[in-house]
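Below you'll find the structure, written out as structure tokens, and then a few comments.
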Amino acid sequence: MWKLSDAMLTLDQQFAKITARRVDLHSAEELKTRLAKAQAENRPLRVKLGADPSAPDLHLGHCVALNKLREFQDCGHTVVFIIGDFTGMIGDPSGKSATRPQLSKEQVMANAKSYQEQVFKILDPARTEVRFNSEWFGPMVFEKVIRLSAHVTVAQLLARDDFAKRYAANQPISLVEFLYPLVQAYDSVMVRADVELGGTDQLFNLLLGREIQKAHGQEPQIVMTMPLLEGLDGVNKMSKSLGNYIAVNDTPKDIFGKTMSVSDDLMWRYFSLVLCLPEDEIAALRAAVANGTRHPREVKDELARRIVAKFHGDAAGNEASAEFARVFAQHELPTDIPEVVLPAGKIGILHLMVKAGLALSTSEARRLVQAGAVKLGDDKVSDFRLEIEPADGLVIRSGKRGFAKIRRQP
């Protein structure tokens, strides 16, 4: 039977491994003490991460905390992954200026199923405990809610940065939102968390978990926050709502192409936070780029290959790299261009793009044409009013990664 001692790491090695790349740590001394106690008692720490299944896909931003959880597992500890099926139906701004939309039970459970499938691309299932917080909140009576609420004041809640900003701007804050941090904190009580992870925008909620655990006679959890990964725009944190994300379930080609669009300055953050490359190796790569030994594009290709390999395997990473070079460096066409079947006759360029899946709407197609991003064969399209009778086999292209081949109905 596997034991904590099988991890074969000293306490100092464990501490160095699990505190690398973190931002906040409350506190280092408590963590060292808890690690020593766990080793002495041969009892793995219970390391908690909660996720509200507000969307069906995880992206690379989520991987920052998941990577850290895997490092805890590699040190012999147990991950408690809480799927907030109950809190997902409440809504939490978490640094946003407006309330997150509430979801139906059916939407939440469908997203939760997708989450479970994706997290195990990183986490070890044998050392992961998956819990749904409806398990304890579903049957909770209102008297218990009132008693739980007595442990936090309005002044404490208004100290949370996003609440404070909205209150100062006279923007509404519902009581439901005020309850959210308390609900998240109570999750820690119910799973007896030793450590809780989250992004830097979750610090208030994580610290409140310590207070609620103490109120319930438990040893307060250690709190560790991880950096927020910037998305493809290089400015905002990676987010599906902003469209600046790389999804864990994206195809190898899409993961590779999106990664290659990351700026040269930002790619080092991806090496660190997505691939967990040691800082000395990143420093060596940066030095090689700085002194001209390696070209930034070559290093970014390595980044993209390794990210694809993380989720799809080495062969997929190498294939995506070769395909990208063939299409973009050698200006050849992809090998797997999707077809759009058209009847005989003329069609407007905007409707053709929508039918080919290169734009979601004619208005989006018009913007792409006006931006000079659309080609028919080798010819750039400049007139959004253009009507054509496309030949069989003609390739229409939108942007760097959008291709479709026309096939005429017989």
Mind checking whether [X] and [Y] have side chains closer than 4.5 Å, heavy atoms only?
X	Y	result
Glu211	His151	no
Phe72	Arg127	no
Pro252	Glu319	no
Leu148	His216	yes
Leu31	Leu35	yes
Val195	Ile18	no

Determine, step by step, whether Ile307 and Phe311 satisfy the side chain to side chain contact (heavy atoms under 4.5 Å, CB included) criterion, reporting the C-alpha distance in whole Å, the side-chain angles of both residues, the deciding distance to 0.1 Å, and the verdict. CA-CA 7 Å; Ile307 291 178; Phe311 302 112; 4.2 Å; yes
When you compare the side chains of [X] and [Y], does any donor N or O come within less than 3.5 Å of an acceptor on the partner?
X	Y	answer
Glu279	Ser272	yes
Asn291	Thr293	yes
Gln184	Asn205	yes

So, is the end of the Lys258 side chain (NZ or CZ) under 6.0 Å from the ring centre of Tyr245 and within 45° of the ring's axis?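 Judged by the rule, Lys258 and Tyr245 form a cation-pi pair.
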Between [atom1] of [X] and [atom2] of [Y], what distance do you get to the nearest 0.5 Å?
X	Y	atom1	atom2	result
Ser27	Ile222	OG	CD1	7.0 Å
Asp194	Lys37	CG	NZ	8.5 Å
Leu207	Gln156	CG	CD	11.0 Å
Tyr115	Asp57	OH	CG	8.5 Å
Leu208	Leu203	CG	CG	11.0 Å
Leu368	Phe384	CG	CZ	13.5 Å

Flag, side chain of [X] to backbone of [Y], donor-acceptor distance under 3.5 Å:
X	Y	value
Glu364	Leu360	yes
Asp233	Asn244	no
Arg166	Pro172	yes
Arg160	Pro181	no
His62	His59	yes

Please determine whether side chain to side chain contact (heavy atoms under 4.5 Å, CB included) holds for the pair Val191 and Phe81, giving the CA-CA distance in whole Å, both sets of side-chain angles, and the decisive distance to 0.1 Å. CA-CA 10 Å; Val191 301; Phe81 186 72; over 6 Å; no
If I compare all heavy atoms of [X] with all of [Y], which pair ends up nearest, and what's the gap?
X	Y	value
Ala404	Ala356	CB-CB, 3.7 Å
Leu9	Gln39	O-NE2, 4.0 Å
Met267	Leu303	CB-CD2, 3.7 Å
Gln73	Asp124	OE1-N, 2.9 Å
Gly84	Pro53	O-CD, 3.5 Å
Gln221	Glu196	NE2-OE1, 2.8 Å

Is Lys121 atom NZ crowded by more than 12 heavy atoms from other residues, nucleotides or ligands, each under 6.0 Å away?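 More than 12 heavy atoms, drawn from other residues, nucleotides or ligands, come within 6.0 Å of this atom.
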If you count every heavy atom of other residues, nucleotides or ligands that lies below 6.0 Å from Leu175 atom CG, does the total exceed 12?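 No, not enclosed.
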Partner of Phe163 under ring-ring contact (aromatic ring centres under 6.0 Å, His included), chosen from Phe204, Tyr180, Phe178: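 Single pass found, and it is Phe178.
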Strictly below 4.0 Å, N to O, side chains only: are Arg305 and Glu302 in salt-bridge contact?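 So Arg305 does not pair with Glu302 through a salt bridge.
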Lys32, Glu71, His77 screened by side-chain hydrogen bond (donor to acceptor under 3.5 Å, both in side chains) with Gln14, the one that passes: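 It is His77, the one option of Lys32, Glu71, His77 that forms the side-chain hydrogen bond (donor to acceptor under 3.5 Å, both in side chains) with Gln14.
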Tyr270 and Leu229: CA distance, side-chain angles, deciding distance, side chain to side chain contact (heavy atoms under 4.5 Å, CB included) verdict: CA-CA 8 Å; Tyr270 281 57; Leu229 181 68; 3.8 Å; yes
Please walk me through it: do Lys253 and Glu323 pass salt bridge (Lys or Arg N to Asp or Glu O under 4.0 Å)? CA-CA 8 Å; Lys253 183 175 75 171; Glu323 176 77 350; 5.8 Å; no
Walk me through whether His26 and Leu206 qualify under side chain to side chain contact (heavy atoms under 4.5 Å, CB included). CA-CA 10 Å; His26 295 267; Leu206 306 185; over 6 Å; no
Matching residue for Lys310 among Val248, Leu60, Asn67 - test: side chain to side chain contact (heavy atoms under 4.5 Å, CB included):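 Of the listed residues Val248, Leu60, Asn67, the side chain to side chain contact (heavy atoms under 4.5 Å, CB included) partner of Lys310 is Asn67.
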